[in-house]
S.K.: 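First, the structure itself, so that you have it in front of you.
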Amino acid sequence: MATPPMPVKSMNGTQLLVQIGNGATPEVFAADCLINTQRGITFSSDTNEDINPDCNNPDDPAWKEVTKDGLSGQIQGAGRVHTPSVKSWWEWFISKDTKNCRVLLNNVTLANGGGYWEGAFHLTQFEVTGERNQKAQVSVTLMSSGPIVWVDAAA
């Protein structure tokens, strides 16, 4: 008996929300309208490489061993400039402080893999651009500072 096809469980790009914490107790997270067209999160790791020679055949090419060392995350966002948000993003950029952020798979249930990544982030890049006869655009980059955790959606 053939296995029936299983469709990919997907979501729209607008359901991926970058939420910024307000620092209150308890902390409230909200998506800022400044990030309104593109958003994403990228994870990377630093590695150390070592060559493990074969003692019986020292002239043969040896296999590399790779060890993960440091982990980090980067959030990217972009969109049309939402002017009421510009000042708060600028103040975050010139500050030495991090903000707690979430990248949420919005309206995705736990049964379908829903949840969010959360961690402390620095605003490391803030770009506002404009062209003649077009709306001004913005792009931001947030770099993690410390661990990022995955939190399952509520059941």
Side-chain angles (χ1 to χ4, degrees), residues 6-54 61-130 135-155:
M6 177 187 234
V8 172
K9 294 182 180 181
S10 61
M11 59 185 239
N12 290 329
T14 55
Q15 287 178 269
L16 186 67
L17 297 180
V18 175
Q19 298 180 313
I20 313 298
N22 66 357
T25 304
E27 192 154 28
V28 176
F29 289 84
D32 190 298
C33 195
L34 191 85
I35 299 174
N36 55 58
T37 60
Q38 297 175 346
R39 73 269 308 169
I41 186 166
T42 304
F43 299 99
S44 60
S45 63
D46 298 324
T47 59
N48 296 317
E49 294 183 359
D50 194 23
I51 304 294
N52 190 14
D54 181 341
W63 286 101
K64 285 184 182 180
E65 292 181 357
V66 177
T67 306
K68 279 189 177 182
D69 192 17
L71 304 174
S72 65
Q74 179 180 8
I75 297 172
Q76 309 86 24
R80 182 183 288 186
V81 170
H82 180 61
T83 56
S85 298
V86 171
K87 181 180 178 184
S88 63
W89 283 85
W90 172 249
E91 289 171 348
W92 183 13
F93 177 75
I94 62 174
S95 168
K96 64 182 172 74
D97 298 328
T98 61
K99 289 190 178 192
N100 292 324
C101 299
R102 290 179 177 170
V103 177
L104 171 68
L105 282 61
N106 193 37
N107 294 324
V108 178
T109 65
L110 177 60
N112 286 320
Y116 58 86
W117 292 277
E118 182 174 339
F121 287 81
H122 287 284
L123 176 57
T124 59
Q125 184 262 339
F126 179 57
E127 180 180 23
V128 180
T129 59
K135 301 293 183 191
Q137 301 292 312
V138 65
S139 67
V140 297
T141 302
L142 313 175
M143 290 296 299
S144 65
S145 180
I148 298 172
V149 297
W150 173 260
V151 178
D152 287 335

S.K.: Can you list every side chain to side chain donor-acceptor pair (under 3.5 Å) pair that touches residues 11-21, not counting sequence neighbours?
M.R.: none
S.K.: Would you list the pairs meeting salt bridge (charged side-chain N to carboxylate O under 4.0 Å, His left out) in which at least one residue belongs to residues 22-34, sequence neighbours left out?
M.R.: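 Checked against salt bridge (charged side-chain N to carboxylate O under 4.0 Å, His left out) - neighbours excluded - no pair reaches residues 22-34.
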S.K.: Mark yes or no for whether Thr37, through its side chain, and Ala78, through its backbone, hold a donor-acceptor pair below 3.5 Å.
M.R.: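 Confirmed, Thr37 side chain pairs with Ala78 backbone.
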S.K.: When you look at Val149 and Val151, which way does the side-chain contact (heavy atoms from CB on, under 4.5 Å) test go after all the steps?
M.R.: CA-CA 6 Å; Val149 297; Val151 178; 4.2 Å; yes
S.K.: Tell me, which pairs form a salt bridge (charged side-chain N to carboxylate O under 4.0 Å, His left out) where one or both residues lie in residues 93-111, sequence neighbours left out?
M.R.: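 Salt bridge (charged side-chain N to carboxylate O under 4.0 Å, His left out) check on residues 93-111 returns Arg102-Glu118.
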S.K.: Any chance you could lay out the side chain to side chain donor-acceptor pair (under 3.5 Å) test for Gln74 and Ser44, step after step, and finish with the verdict?
M.R.: CA-CA 8 Å; Gln74 179 180 8; Ser44 60; over 6 Å; no
S.K.: Can you run down the salt bridge (charged side-chain N to carboxylate O under 4.0 Å, His left out) pairs that involve residues 136-151, sequence neighbours left out, and say none if there aren't any?
M.R.: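 Matches after skipping sequence neighbours: none remain.
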S.K.: Please confirm whether the backbone N or O of Cys33 pairs with a side-chain atom of Asn36, one donor and one acceptor, at under 3.5 Å?
M.R.: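 Yes, the answer is positive, given that a donor and an acceptor are paired below the 3.5 Å cut-off.
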S.K.: For Ala120, is there any backbone N or O sitting under 3.5 Å from a side-chain donor or acceptor partner on Ser145?
M.R.: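 No; zero donor-acceptor contacts below 3.5 Å.
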S.K.: Report yes or no: does Thr141 contribute a side-chain atom to a donor-acceptor pair with the main-chain N or O of Gln125 at less than 3.5 Å?
M.R.: no
S.K.: Provide the full list of salt bridge (charged side-chain N to carboxylate O under 4.0 Å, His left out) pairs with a residue in residues 64-86, sequence neighbours left out, each pair given once.
M.R.: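 Every salt bridge (charged side-chain N to carboxylate O under 4.0 Å, His left out) pair that includes a residue of residues 64-86, provided the two are not neighbours, is Glu49-Lys64.
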S.K.: How would you list, by chain and number, every residue that makes a side chain to side chain donor-acceptor pair (under 3.5 Å) with Trp63, sequence neighbours excluded?
M.R.: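 Testing Trp63 for side chain to side chain donor-acceptor pair (under 3.5 Å), a comparison that skips the adjacent residues, returns none.
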S.K.: Is there side-chain contact between Leu123 and Val140, with at least one heavy-atom pair below 4.5 Å?
M.R.: yes
